[in-house]
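Handing you this structure, nothing more for now.
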Amino acid sequence: MKLFLDDRRKTPSGWVRAFTSEEAIEILTTGNVTELSLDYNLGDEMCGTGYDVIIWLEEQVINNNFKLPSKITIHSDNILLKPRMESAIKNIIKLSQNKPQK
């Protein structure tokens, strides 16, 4: 499944939408997400951020050999934090390539 995390944009056709970081993480735990697209800003602080999902992914790769979605993109308009998110994803992918996958 393709997972789209965003609180305001229209969900692309063929994608499942999550509005909060918690919803996205819940869906990711199924192991059925093949593609992930993240926004950073998700409304108020109770909704979390796309970066919260990245932190969760990193923890899961390190601690549980979590298999990442085959494609992860950042569609955020946040010009300050988008590069940070992209860099973190690149590092998590490198980590996952050096660990056996579940």
Problem set entry | Which residues share a side chain to side chain contact (heavy atoms under 4.5 Å, CB included) with Ser37, sequence neighbours left out | Phe4, Trp15, Thr73, His75
Exercise. Which residues satisfy the ring pair (Phe, Tyr, Trp, His ring centres under 6.0 Å) test with Tyr51, sequence neighbours excluded?
Worked result: none
Seminar exercise, completed: To the nearest 0.5 Å, atom CG of Asp39 lies from atom CG of Leu5 at 7.0 Å
Exercise. With distance as the sole test, does Thr34 use its side chain to make a donor-acceptor pair with the main-chain N or O of Pro69 at under 3.5 Å?
Worked result: no
Problem set entry | Rounded distance (nearest 0.5 Å) linking atom OG1 of Thr49 with atom CG of Leu38 | 9.5 Å
Exercise. Any chain of hydrophobic side-chain contacts (each under 4.5 Å) joining Leu28 to Phe19?
Worked result: no
Problem set entry | Sequence-distant partners of Asn78, side-chain hydrogen bond (donor to acceptor under 3.5 Å, both in side chains), two or more places apart | Asn41
Exercise. Would you call Leu42 and Asp52 a side-chain contact if the rule is heavy atoms closer than 4.5 Å?
Worked result: no
Problem set entry | Pairing residues for Thr11 by the side-chain hydrogen bond (donor to acceptor under 3.5 Å, both in side chains) criterion, not counting sequence neighbours | Arg17
For this session: Would you please name every residue forming a side chain to side chain contact (heavy atoms under 4.5 Å, CB included) with Glu59, sequence neighbours left out?
Result: Ile55, Asn63
Seminar exercise, completed: To the nearest 0.5 Å, atom NZ of Lys67 lies from atom OG of Ser70 at 8.0 Å
For this session: Starting at CE of Met1, measure out to OG1 of Thr30 and round the result to the nearest 0.5 Å.
Result: 4.5 Å
For this session: Write down the atom of Gly48, the atom of Ser21, and the distance for their closest heavy-atom approach.
Result: CA-OG, 3.5 Å
Problem set entry | Partners meeting side-chain hydrogen bond (donor to acceptor under 3.5 Å, both in side chains) with Asn32 (sequence neighbours left out) | none
Less than 3.5 Å apart, which donor and acceptor atoms pair up between the side chains of residues 80-92 and the rest of the protein, not counting sequence neighbours?
residue: Asn91; atom: ND2; partner: Ser87; partner atom: O; Å: 3.4

For this session: Not counting sequence neighbours, which residues clear side chain to side chain contact (heavy atoms under 4.5 Å, CB included) with Ile25? List them please.
Result: Thr29, Val53, Trp56
Exercise. Which residues satisfy the salt bridge (charged side-chain N to carboxylate O under 4.0 Å, His left out) test with Asp6, sequence neighbours excluded?
Worked result: Arg9
Exercise. Taking all atoms of both residues into account, what is the closest heavy-atom pair of Ser96 and Leu68, and its distance?
Worked result: OG-CD1, 3.5 Å
Exercise. What's the spacing between Ile54 CD1 and Tyr40 OH if we round to 0.5 Å?
Worked result: 9.5 Å
Seminar exercise, completed: Sequence neighbours excluded, the answer for side-chain hydrogen bond (donor to acceptor under 3.5 Å, both in side chains) partners of Gln60 is Asn64
